[in-house]
Amino acid sequence: MSPARSHADSLVPPEAVLQRLAAEEHTTSDALRELLLDGRATVLGSHARVGQIRACVVGAGLRTKVNANFGTSALSSDLVGELHKLDVAIEAGADAVMDLSTGGDIRAVRGAVLARASVPVGTVPVYEAAVQAAGRSGGPTAMTLDSLIAAVRNHAEQGVDFQTVHASITRSQLSSGAVERRRTGIVSRGGALLACWMRAHDAENPYYERFDEVLDICRGYGVTLSLGDSMRPGCLADAGDEAQMTEVAVLGGLVQRARDAGVRVIVEGPGHVPLHEVAAQVTAIKRACHGVPLYVLGPLVTDVAPGYDHITSAIGGTLAAMSGADFLCYVTRAEHVRLPNADDVREGVIACRIAAHAGDVAAGLPGAREWDEAMATARKALDWPGQFALAIDPTLPAEMRAHSDAGDAAECTMCGPLCSMRVTSSEVLA
Ligand code: SF4
């Protein structure tokens, strides 16, 4: 076990890291420290790794961050391929990644990811407990209380920076009938595994019942506790329903307990939400959870675009970021269809970064609008290298121009000699 630390030492990173983060966020170290101490912002970077990686901070008034998921599955467990996706995600600008591996030697995969990743790494320990149980008997009902807690500890000891723990799905929720009244039931994989276990054993959620043990582990290792929303809506019809909002109330209580224990905490959010309900959902969850940093999956604003869910989620993510969500989990075009490949990962990160930045501009975050203004200046000057350097994805537009018929022309092939940027420029008018 790592040495005991004060609450402040658990919540605030070493001074050099704090200063770097504050500078990146256009704020002061004192202001950022205050946000971290009162829980409105949270550092992603465990005690073991915070000084070694590009740790980041999520929270109120800070740049909206982007997470990319990858990982082996039981049907596709290619370590080399998943490490390539990790590289692609980071190269595309992901602020954090989650290793959701459930296939092959997942401890070894996690070790390789942690050794390679220059950004914070998150995991979902119940997956490992379920995989181990499946190996013993063929089903998640064979998970044990101790194996679930041990998974949290094992991931923390290995250096994982943030962990999703589904502590807020409770026995009373499962017996209320709210899940059965849903169109798509429980779509959170971790939530579904725990619900399966709870029903089979007629028992309370071990992560809820033994939450203090989870808190002790997270505080000891500087792990950010990401409270998973087991009841996140999996379709528009379930958004904001009894199952979701009952869980949100439980999440609020768990956030308070985590803060009282000096544990870094964030809360996960939806999911599938119609566009006109996104802002209200973000506001309601943030209020119920005492202003905790909110980490949303999407939200996907329509159910009918499989193959294009990087777009449905970017639309929802933009509005969520504008409305106060702090951390967006990307969704790839492969969502609902198959395991994403490296191209899906790259495209998903870019789409999510566009959403995050557009939300930040709309929210008036310091530094956000200046980026667009620099691009506008380069665009007016027909400064192509400058435009590519400023682009969220510098590669694609450069390739597109290189493979067009523009040649050495100042303008592009869209308007050619009628280029409005050119014909109104001072040198042409002179
Ligand atoms: S040619 Fe048209 S599209 Fe291309 S840079 Fe000029 S104005 Fe823009």
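Note that the numbering runs from 1 along the sequence shown for the chain. Order of appearance sets the numbers: ligands from 1, and atoms from 1 within every ligand.
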Next on the checklist: Would R257 and F211 count as a cation-pi pair here, with the cationic atom under 6.0 angstrom from the ring centre and within 45° of the axis?
Outcome noted: no
Checklist entry - Is the distance from atom 6 (Fe) of ligand 1 to the nearest N/O/S atom of C412 under 2.8 Å? => result no
Among protein heavy atoms, which lies nearest [atom], and at what distance?
| atom | answer |
| --- | --- |
| atom 8 (Fe) of ligand 1 | M421 CG, 4.4 Å |
| atom 5 (S) of ligand 1 | L382 CD2, 3.7 Å |
| atom 6 (Fe) of ligand 1 | C419 SG, 2.3 Å |

Item to check | Electrostatic pair E157-R153, nearest N-O below 4.0 angstrom | outcome: no
Item to check | Subset of ligand 1 atoms that lie under 4.0 Å from at least one heavy atom of S420 | outcome: 7 (S)
Checklist entry - Atoms of ligand 1 less than 4.0 Å from C415 heavy atoms? => result 1 (S), 2 (Fe), 3 (S), 7 (S)
Item to check | Mutual orientation of the aromatic rings belonging to W384 and F388 [parallel < 30°, tilted 30-60°, perpendicular > 60°] | outcome: tilted
Checklist entry - Roughly how far, to the nearest 0.5 Å, is CG of D343 from OG1 of T332? => result 11.0 Å
Checklist entry - Can you find a heavy atom in the side chain of V214 that is under 4.5 Å from one in the side chain of I217? => result no
